[in-house]
Amino acid sequence: MNPNSDPKSLLHASFHAALQQVAPEHPLQVELERPRQASHGDYACNLAMQLAKPLKRNPREVAQALLAALPASEWVDKTEIAGPGFINIFLKPAAWQGLATRILQAGQTYGRSTLGQGEKIQVEFVSANPTGPLHVGHGRGAAFGASLANVLAFAGYDVHREYYVNDAGRQMDILALSTWLRYLERCDEFVPFPANAYQGGYVHTMADSIFALHGKRYARPAADVLQRIPAAEDDAEGHLDALIAKAKQLLGADYGYIHGFALEEQLGDGRNDLTEFRVRFDSWFSERSLHESGLIDKALDRLRQRGHLYEQDGALWFRSTAFGDEKDRVVRRDNGIYTYFAADIAYHLNKFERGFSRVIDVWGADHHGYIARVKGALSAAGMDPERLQVALVQFAVLYRNGQKASMSTRAGEYVTLRDLRAEVGNDAARFFYVLRKSDQHLDFDLDLAKSQSSDNPVYYIQYAHARIASVLNAWGGIEADLLDADTGRLEHPQEIALLRRLAEFPEIITSAAREFSPHLVAYYLKDLAADLHGLYVACQFLVQDEALRQARLLLIAATRQVLRSGLDILGVSAPEKM
RNA sequence: GCCUACGUAGCUCAGUGGAUAGAGCAUCCCCCUCCUAAGGGGAGGGUCGCAGGUUCGAUUCCUGCCGUGGGCGCCA
């Protein structure tokens with residue numbers, strides 16, 4: 001693309017030249033903004049006001065001088081000095097018209113930027129414990145992470161999407177135990193099911209599957225299971241841990257089968273769920289592999305050698321307070337078992353060893369206290385903690401009948417992502433999730449989402465796409481011919497408005513990538529769809545005048561391209577018909 | 001208590017160191033002889049939580065206060 005064909009770049013260069021002439025001793029950054037008010041022109045420059053103080057001159061006077069020094073341009077219709085010293089630029093339609101052709105030529109590469117320069121970055125997201133179906137809270141992390149990764153890829157980064165599988169911890173043991181206890185019930189061995197074990201129906205399903213596959217092979221007498229188990233009333237968690245230990249003891253090597261079965265079932269379920277939600281990962285990284293490969297020992301050795309570990313009360317501690325954390329953290333408990341944090345240290349060091357120059361973790365907001373210690377560990381290992389960036393996603397709170405709905409996984413009374421998708425559809429769910437800034441709480445009113453799904457803003461955008469597809473269908477010509485259209489015929493105010501909106505797309509992509517804000521894309525698409533609908537009502541596309549018809553069809557074909565690119569980033573489909 | 005985020009229209013939320021702060025929903029009015037009315041146009045609706053500070057200029061940046069959510073484990 002010819003850089004001169006972009007009005008903003010051209011103006012930027014012009015003002016830079018004017019600045020050098022008027023105030024060469026003040027090399028300010030030239031900023032061009034789009035005024036909110038159409039009456040303030042296409043672009044506004046505040047250079048004069050910034051220069052007023054250092055030059056000790058009246059800002060309007062400086063603006064006068066800048067304008068005098070501004071190189072002439074065939075695209076500039078007029079300029080004015082307004083308000084305290086703004087320079088407003090009004091462009092001729094010709095400045096925008098050529099864009100439609102360029103977009104159609106560029107196709108899906110329009111709006112892509114070189115911001116990322118092929119930098120290898122990793123986005124890790126969802127990473128939910130595979131202990132049950134994904135719920136609506138995970139759904140937000142999934143939608144946000146996937147859209148963020150897409151935006152970054154579109155902005156020129158080499159993005160790797162990863163899911164960290166917590167397959168090593170106590171939660172997995174609790175799931176394995178829960179499954180086994182349900183299985184025992186199936187075998188007519190009744191052990192009271194602990195209230196703090198996993199209650200969900202999917203646990204029954206897994207138990208039934210194991211029974212169907214292996215009969216009573218994994219059954220043990222209930223009396224044996226309950227032997228010397230402390231009462232749940234005295235210490236519920238201790239009761240659970242004792243049962244887990246007993247399961248391991250009675251089952252021996254078979255415990256690994258139950259554990260593995262439950263893990264694979266839940267992981268597979270989550271994978272299918274996410275795939276249907278158009279969320280894909282390049283890799284699934286196992287926490288257990290860190291234990292088995294010795295990477296945790298290696299990582300801790302690295303910290304030990306640098307003098308950041310110490311022993312106390314039988315446990316091994318990381319001196320994270322030396323790196324700004326509020327207290328030191330245990331990495332190996334007095335029972336010799338590594339903490340989740342120890343695995344996470346090894347995991348993050350491993351990420352960088354795999355060659356990512358930057359790593360983005362998408363975490364739930366409840367993990368914010370965790371940032372300091374992970375970054376601390378990176379510093380302690382001699383790495384730049386700034387290479388890890390954490391995007392915190394606030395919780396999505398469900399409302400049902402105006403009441404907050406509980407989302408406890410163990411109690412099994414949450415709404416699953418799958419339920420939500422079935423109720424409001426993948427498109428609406430993906431779109432709704434990213435319609436909020438990630439650090440903003442999301443109130444997801446289920447009744448509203450269900451009852452008003454046809455008023456959903458996502459349909460407004462999809463409808464714009466379908467309308468264009470319908471017109472191009474009715475026309476039935478060859479789209480490549482539109483590249484020859486005379487764009488000089490695009491003069492209607494609505495046409496110019498749409499062209500200006502299309503010109504914003506690359507800037508939106510850059511901002512969204514830089515600020516980790518895919519919601520900017522969603523809002524942009526709403527604006528773009530509004531401009532298209534406005535034009536649709538104002539102008540007939542399939543007119544008698546062939547030159548005008550071709551020009552207008554070119555414009556809407558370009559619009560369709562940008563709608564597609566944007567929707568694709570958000571994981572929302574672009575239907576031809578509605 | 002400490003940490004962290006948020007507080008903008010009746011509701012849900014965008015946005016910005018600049019000129020008259022926006023959208024959707026809700027309310028009221030209008031527009032299909034025409035490529036999809038899942039559309040368009042118009043009206044009403046605001047002390048941008050409060051108080052200071054920095055600035056030519058603050059809703060935006062800083063500090064304090066008030067309110068709300070989340071986090072402060074040898075859980076993951």
Side-chain angles (χ1 to χ4, degrees), chain A residues 31 33 35-37 39-40 44 46 49-50 52-53 58-59 82-86 88 127-129 131 164 166-174 237 287 312-317 325-327 329-344 364-372 392 394-395 397 432 435-445 448 452-464 466-475 494 517 519-520 522-524 526-527 529-530 532-543 549 552-553 556 577-578:
Chain A
E31 281 168 36
E33 60 177 39
R36 282 195 282 261
Q37 293 268 328
S39 63
H40 293 150
N46 64 358
M49 288 179 287
Q50 288 182 278
K53 194 163 192 188
N58 180 309
F86 289 103
N88 293 337
S127 300
N129 283 343
T131 51
Y164 182 54
N166 301 131
D167 52 5
R170 177 167 178 264
Q171 295 305 321
M172 269 311 300
D173 279 324
I174 297 173
E237 296 303 318
E287 178 190 358
Q312 187 183 308
D313 305 328
L316 186 63
W317 297 71
D325 198 4
E326 53 192 14
K327 54 176 287 194
R329 308 291 173 177
V330 170
V331 289
R332 196 184 62 217
R333 296 191 274 270
D334 58 4
N335 61 9
I337 296 175
Y338 289 124
T339 58
Y340 174 85
F341 178 44
D344 228 9
D366 56 330
H367 280 59
H368 101 262
Y370 204 69
I371 299 172
L392 288 183
Q394 291 288 343
F395 281 158
V397 181
F432 259 126
L435 204 51
R436 297 278 170 271
K437 277 187 300 194
S438 60
D439 54 13
Q440 185 75 251
H441 292 270
L442 174 65
D443 290 343
F444 213 123
D445 187 327
L448 196 73
Q452 300 206 339
S453 61
S454 63
D455 296 331
N456 205 309
V458 72
Y459 294 114
Y460 182 78
I461 298 166
Q462 290 180 315
Y463 184 47
R467 272 184 148 176
I468 294 171
S470 169
V471 172
L472 291 174
N473 240 354
W475 167 59
Q494 307 269 25
S517 297
H519 75 279
L520 294 177
Y523 278 92
Y524 170 77
K526 274 166 77 171
D527 290 339
L532 185 279
H533 289 310
L535 177 62
Y536 189 95
V537 169
C539 298
Q540 182 83 8
F541 302 124
L542 299 175
V543 290
R549 182 172 70 223
R552 284 184 172 163
L553 290 173
I556 63 170
K577 244 187 251 182
M578 288 176 75

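Chain naming here is simple, since letters A, B, ... match the order of the sequence lines and numbering starts at 1 in each. Quick note: numbers below take in every heavy atom, side chains included, and nothing from hydrogens, waters or symmetry partners.
Relative to the side chain of His519(A), the nucleotides rC6(B), rG15(B), rU36(B) differ in distance, and rG15(B) lies closest. Among rA37(B), rA5(B), rC35(B), the nucleotide with an atom closest to any side-chain atom of Tyr463(A) is rA37(B). Set against rG15(B), rA38(B), rA19(B), the side chain of Lys437(A) has rG15(B) as its closest nucleotide. Here the nucleotide nearest the side chain of Arg467(A), chosen from rA19(B), rG39(B), rC35(B), is rG39(B).
Using P as the reference atom, rA5(B) and rG10(B) are 28 Å apart when rounded to the nearest Å. Going from the P atom of rG15(B) to that of rG22(B) covers 15 Å, rounded to whole Å. Separating the C1' atom of rG49(B) from that of rA9(B) is a span of 15 Å, rounded to the nearest Å. Taking atom P in both rG1(B) and rU59(B), the straight-line distance is 29 Å, to the nearest Å.
The separation between Tyr524(A) atom OH and rA23(B) atom C1' is 16 Å, rounded to whole Å. For the pair Leu392(A) CG and rU4(B) P, the interatomic distance rounds to 12 Å; values are reported in whole Å. Per the geometry, CZ belonging to Phe86(A) stands 14 Å off P belonging to rG57(B), to the nearest Å. Atom CD1 of Ile461(A) and atom P of rG39(B) are 12 Å apart (whole Å). Rounded to whole Å, atom C1' of rC25(B) lies 17 Å from atom OH of Tyr459(A). Atom-to-atom, CD of Gln394(A) to C1' of rU4(B) comes out at 9 Å; the value is rounded to the nearest Å. We find that CE of Met49(A) is positioned 10 Å from C1' of rG17(B), with the value rounded to whole Å. Rounded to an integer number of Å, the gap from Glu33(A) CD to rG17(B) P is 9 Å.
Of all nucleotides present, none satisfies the Watson-Crick or G-U wobble test against rC35(B) with each distance under 3.5 Å. Across all strands shown, rU47(B) forms no Watson-Crick or G-U wobble pair with both distances under 3.5 Å. Remark: rA19(B) base-pairs with no nucleotide in the shown strands. Criterion, Watson-Crick or G-U wobble with two distances under 3.5 Å. Nucleotide rU55(B) forms no Watson-Crick or G-U wobble pair with any nucleotide shown, as no partner meets the under 3.5 Å limit on both distances. When both distances must be under 3.5 Å, the Watson-Crick or G-U wobble mate of rC28(B) is rG42(B). Base pairing annotation: rU60(B) forms no Watson-Crick or G-U wobble pair, as no partner gives both donor-acceptor distances under 3.5 Å. Figure legend. rG67(B) is base-paired to rC6(B); pairs are counted as Watson-Crick or G-U wobble with both atom distances under 3.5 Å.
With sequence neighbours excluded, no residue forms a ring pair (Phe, Tyr, Trp, His ring centres under 6.0 Å) with Tyr340(A). Partners of Asp439(A) according to the salt bridge (charged side-chain N to carboxylate O under 4.0 Å, His left out) rule, which considers only residues two or more places apart in sequence or in another chain, do not exist here. When the side-chain hydrogen bond (donor to acceptor under 3.5 Å, both in side chains) test is applied to Ser127(A), the partners found at least two apart in sequence or on another chain are Glu124(A). Taking Arg467(A) as the reference, nothing meets the salt bridge (charged side-chain N to carboxylate O under 4.0 Å, His left out) condition, with sequence neighbours excluded. Residues passing the side chain to side chain contact (heavy atoms under 4.5 Å, CB included) test with Ile337(A) are Arg333(A), Asn335(A), sequence neighbours excluded. With sequence neighbours excluded, the residues forming a side-chain hydrogen bond (donor to acceptor under 3.5 Å, both in side chains) with Tyr338(A) are Asp297(A), listed by chain and number. Residues passing the side chain to side chain contact (heavy atoms under 4.5 Å, CB included) test with Ala52(A) are Pro59(A), sequence neighbours excluded. For Asn129(A), the side chain to side chain contact (heavy atoms under 4.5 Å, CB included) partners are Thr131(A), Asn166(A), Gln171(A), not counting sequence neighbours. In this view, Tyr463(A) and His533(A) satisfy the ring pair (Phe, Tyr, Trp, His ring centres under 6.0 Å) rule, not counting sequence neighbours.
Met578(A) places a side-chain heavy atom less than 4.5 Å from the side chain of Tyr459(A). By the 4.5 Å heavy-atom criterion applied to side chains, Ile556(A) and Tyr536(A) are not counted as neighbours. Between Val471(A) and Leu542(A) the shortest side-chain heavy-atom distance falls below 4.5 Å.
The minimum heavy-atom distance between Ala372(A) and Asp325(A), with the atom names listed, is CB-OD1, 4.0 Å. The minimum heavy-atom distance between Arg549(A) and Phe541(A), with the atom names listed, is CG-O, 3.5 Å.
Base orientation of rC34(B): anti, since the glycosidic angle falls outside 90° of 0.
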Produce the list of close N/O pairs, under 3.5 Å, pairing protein atoms with atoms of nucleotides 31-34 of chain B; give distances to one decimal.
from    : atom 1 : to        : atom 2 : distance (Å)
rC34(B) : O2'    : Gln540(A) : NE2    : 3.4

Identify all pairs in which a protein N or O lies below 3.5 Å from an N or O of nucleotides 71-75 of chain B, and state each distance.
from    : atom 1 : to        : atom 2 : distance (Å)
rC72(B) : O2'    : Glu326(A) : OE2    : 3.0
rC74(B) : OP2    : Lys327(A) : NZ     : 3.4
rC74(B) : O2     : Asp334(A) : N      : 3.1
rC74(B) : O2     : Asp334(A) : OD1    : 3.3
rC74(B) : N4     : Asp313(A) : O      : 3.2
rC75(B) : OP2    : Arg333(A) : NH1    : 3.4

Give me the distances for all protein-to-nucleotides 9-12 of chain B N/O pairs that come in under 3.5 Å?
from    : atom 1 : to        : atom 2 : distance (Å)
rU12(B) : O2'    : Arg436(A) : NH2    : 2.7

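Residue contacts for Tyr536(A): at a heavy-atom cut-off of 4.0 Å it reaches a base atom on one of the strands shown. As judged by a 4.0 angstrom heavy-atom cut-off over every strand, Ala168(A) is placed among residues making no nucleic acid contact. Here Ala466(A) lies in heavy-atom contact (under 4.0 Å) with a base. Nucleic acid contact for Asp173(A): none, since no nucleic acid atom lies under 4.0 Å from a heavy atom of the residue. Counting any heavy atom pair closer than 4.0 Å across all strands shown, His40(A) reaches a base atom.
Of the two residues contacting RNA chain B, namely Ala474(A) and Phe341(A), the nearest-nucleotide position lying further toward the 5' end is that of Ala474(A). For the pair Pro84(A) and Leu535(A), nearest-nucleotide mapping onto RNA chain B gives the more 5' position to Pro84(A).
Phosphate contact (OP1/OP2 of rG40(B), side-chain N/O of Tyr460(A), threshold under 4.0 Å): present. Remark: Gln440(A) is in phosphate contact with rA14(B), judged by side-chain N or O atoms under 4.0 Å from OP1 or OP2.
Not a single donor-acceptor pair, N or O on each side, falls under 3.5 Å between the base of rA19(B) and the side chain of Asn46(A).
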Checklist entry - After noting the C-alpha distance and the side-chain angles of Met172(A) and Arg170(A), does the key distance pass the side-chain contact (heavy atoms from CB on, under 4.5 Å) rule? => result CA-CA 5 Å; Met172(A) 269 311 300; Arg170(A) 177 167 178 264; over 6 Å; no
